[in-house]
Amino acid sequence: MILNEQIDKMTDIMASFIGYTAVHLPDDVVAKLRGLRDAEDDPAVLSIYDMMFENLRLASELGRPSCQDTGFVQFRIECGSLFPLLGDLENLLRRAVITATADTPMRPNVVETFDEINTGNNTGKCAPSISWKIIPEWDGCAIYTYLAGGGCSLPGHAAVLMPGEGYEGAARFVLDRIAEYGPNACPPLLIGVGIANSVDTAALLSKEALFRPIGSKNPNEKAAEMEIMLEDALNAMGIGPQGMGGKASVLGVNINNAARHTATLGVAVSTGCWTHRRGKIVFDRDLNFVTETHSGFTYAQ
Ligand code: SF4
């Protein structure tokens, strides 16, 4: 296949996958929502979960997005240095977003700052947003996709704490933020927490924490313990699905951590809502692919 054909093919696969994730939630999110529903006995709370599942059923049946806010498209690319389309990814992902916006259809949400003009196709300056990691000596490419809704982005917050505040201070920071903003973000929420050196590193880590599978654990034992403590504390707040109360308020808590300056403790929180529309697709050099998050995704050549 010549280069231009490869670029067109990957663009088309990505447009289809982005559109698919707007309609269908990831397998692990659906399973978690089922589990949370089954653990409830309050009729009002059960009715909220049942509405969510009816919404998902209709979205799938009608080929319509699972939420009218199809978000701001964000990508995390983990690309091998030997992947043939490494230098073309940014442009082709931009084209894929434009196609997915027209075909799915997805609501145009992107407004150029200061000009305050909606671009109409979900792209703009630094939109879609992309964070990168290049993996040496690999010829494949993993792309994480995320449709970041407005409501579920609003609780996002980052700060640098005095190190004396410790991990107790970081936990308080997360709990205070979710207590104040969580009910508006369409719970049950996935909570991404970044613990690092500064606001920029902590914020990016907190967003990338939302790409981790539901139920996964931080490899650091103490961080994993903090994930469980925060999850228990957030559930004990009793926010529940759509703020209606209930036993669970979160889909989980994922912490991403990195080294810090001895005199700083950067902490950030990002949130995903019940329609947590993240995806992961992994390509080999010939553009064969697997979609780890969505077993139902197919692509007709
Ligand atoms: S928070 Fe999520 S479910 Fe609620 S409106 Fe925004 S995208 Fe939709």
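Order of appearance sets the numbers: ligands from 1, and atoms from 1 within every ligand. Just so we're clear, the structure is a prediction, and the values are computed from it rather than from any experiment.
- At a heavy-atom cutoff of 4.0 Å, ligand 1 is contacted by no atom of Gln242, backbone or side chain.
- Of all protein N/O/S atoms, those under 2.8 Å from atom 2 (Fe) of ligand 1 are Cys273 SG, and waters are not counted.
- Crowding of Glu116 atom CD: a count of heavy atoms from other residues, nucleotides or ligands under 6.0 Å exceeding 12.
- Every residue two or more places apart in sequence or in another chain that forms a side-chain contact (heavy atoms from CB on, under 4.5 Å) with Asp41 is listed here: Lys247.
- For atom 7 (S) of ligand 1, the closest non-hydrogen atom on the protein side is Arg277 NH2, 3.0 Å.
- Looking at residues two or more places apart in sequence or on another chain, you find a salt bridge (charged side-chain N to carboxylate O under 4.0 Å, His left out) between Arg107 and Asp69.
- Between Phe75 and Tyr146, the gap from one ring centroid to the other reaches at least 6.0 Å.
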Without placing hydrogens or testing angles, list every side-chain donor-acceptor pair under 3.5 Å for residues 175-189, not counting sequence neighbours.
unit_1	atom_1	unit_2	atom_2	d
Arg177	NE	Pro155	O	2.9

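- The heavy-atom pair separating Thr145 from Phe211 by the smallest distance is O-CE2, 4.1 Å.
- For the residue pair Thr101/Asn121, the side-chain donor-acceptor check at 3.5 Å is not satisfied.
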